[in-house]
Amino acid sequence: MFFVRFSGCPLRCSWCDEPRHRDPAAVRSLTTAEILAAWQAIAPTIPCILLTGGEPLAAPGLAELVAAFKMAGAWVAMETSGIGGEAPDGVDWITLSPKTALPESCYARADEIKYVLPADPDPILLAEIDERSRRHPRVWVQPRALEAIPDPAAVAFCYRLVLASGGRLRLSLQTHKWIGVP
Ligand code: SF4
């Protein structure tokens with residue numbers, strides 16, 4: 001996939017594992033045309049685009065960018081916390097990673113739901129995950145990260161949770177972190 005990582009997010013999760021999105025030195029301001037040109041220069045044979053962040057739904061010009069990628073023949077996925085409004089038309093796959101209360105419409109549009117968990121999640125959140133996994137075919141749990149790699153205690157908790165779910169939950173381990181891809 002070709003990643004487009006937006007800066008900024010209305011939320012301030014203390015455990016956010018993508019702090020670069022708030023670092024002015026790591027942020028560049030690009031037009032839609034410049035983003036598409038970068039895609040063609042860096043990864044012209046890769047048709048899959050992932051819009052992530054930060055929070056893509058909070059980015060100005062998102063609908064224009066999605067439309068431009070679609071016109072160019074790309075398959076467009078987006079990872080979002082659901083904060084910032086409705087996803088624009090044309091997004092082919094939405095990974096919803098809820099961090100706060102959201103309207104049901106966000107869940108209805110999600111192709112998959114991913115919960116990022118510490119080693120000792122709130123029982124209310126666990127009940128919500130259980131309930132969601134009975135209504136949605138793709139619900140993931142992902143251990144929170146400590147620095148560069150996931151917290152081993154959170155990994156163990158998520159692993160046990162997935163086993164106990166009888167196949168309703170899936171385990172996301174952010175493999176790229178384990179193998180050192182930034
Ligand atoms: S919603 Fe995601 S990007 Fe925003 S602060 Fe939380 S973890 Fe970071």
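As the structure lists them, so they are numbered: ligands from 1, and atoms in each ligand from 1. Nothing here was measured: the structure is a model prediction, and the numbers come from that model.
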Worksheet entry | Modelled atom types, side-chain donor and acceptor of T80 and E55, under 3.5 Å | yes

Worksheet item: For T52 and E79, does a side-chain donor sit closer than 3.5 Å to a side-chain acceptor?
Response: no

Worksheet item: In this structure, are over 12 heavy atoms from other groups packed under 6.0 Å from I124 atom CD1?
Response: no

Discussion item. Tell me whether the count of non-hydrogen atoms from other residues, nucleotides or ligands lying under 6.0 Å of CG in D89 goes above 12.
Written reply: no

Worksheet item: Does ligand 1 have any atom sitting under 4.0 Å from a heavy atom of G53?
Response: no

Worksheet entry | Test item: I83 and L102 side chains (from C-beta on) under 4.5 Å apart, heavy atoms | yes

Worksheet item: Protein N/O/S atoms under 2.8 Å from atom 6 (Fe) of ligand 1: how many?
Response: 1

Item to complete: May I have the step-by-step check of ring pair (Phe, Tyr, Trp, His ring centres under 6.0 Å) for F69 and W39, ending in yes or no?
Response: CA-CA 10 Å; F69 272 127; W39 170 44; 5.3 Å; yes

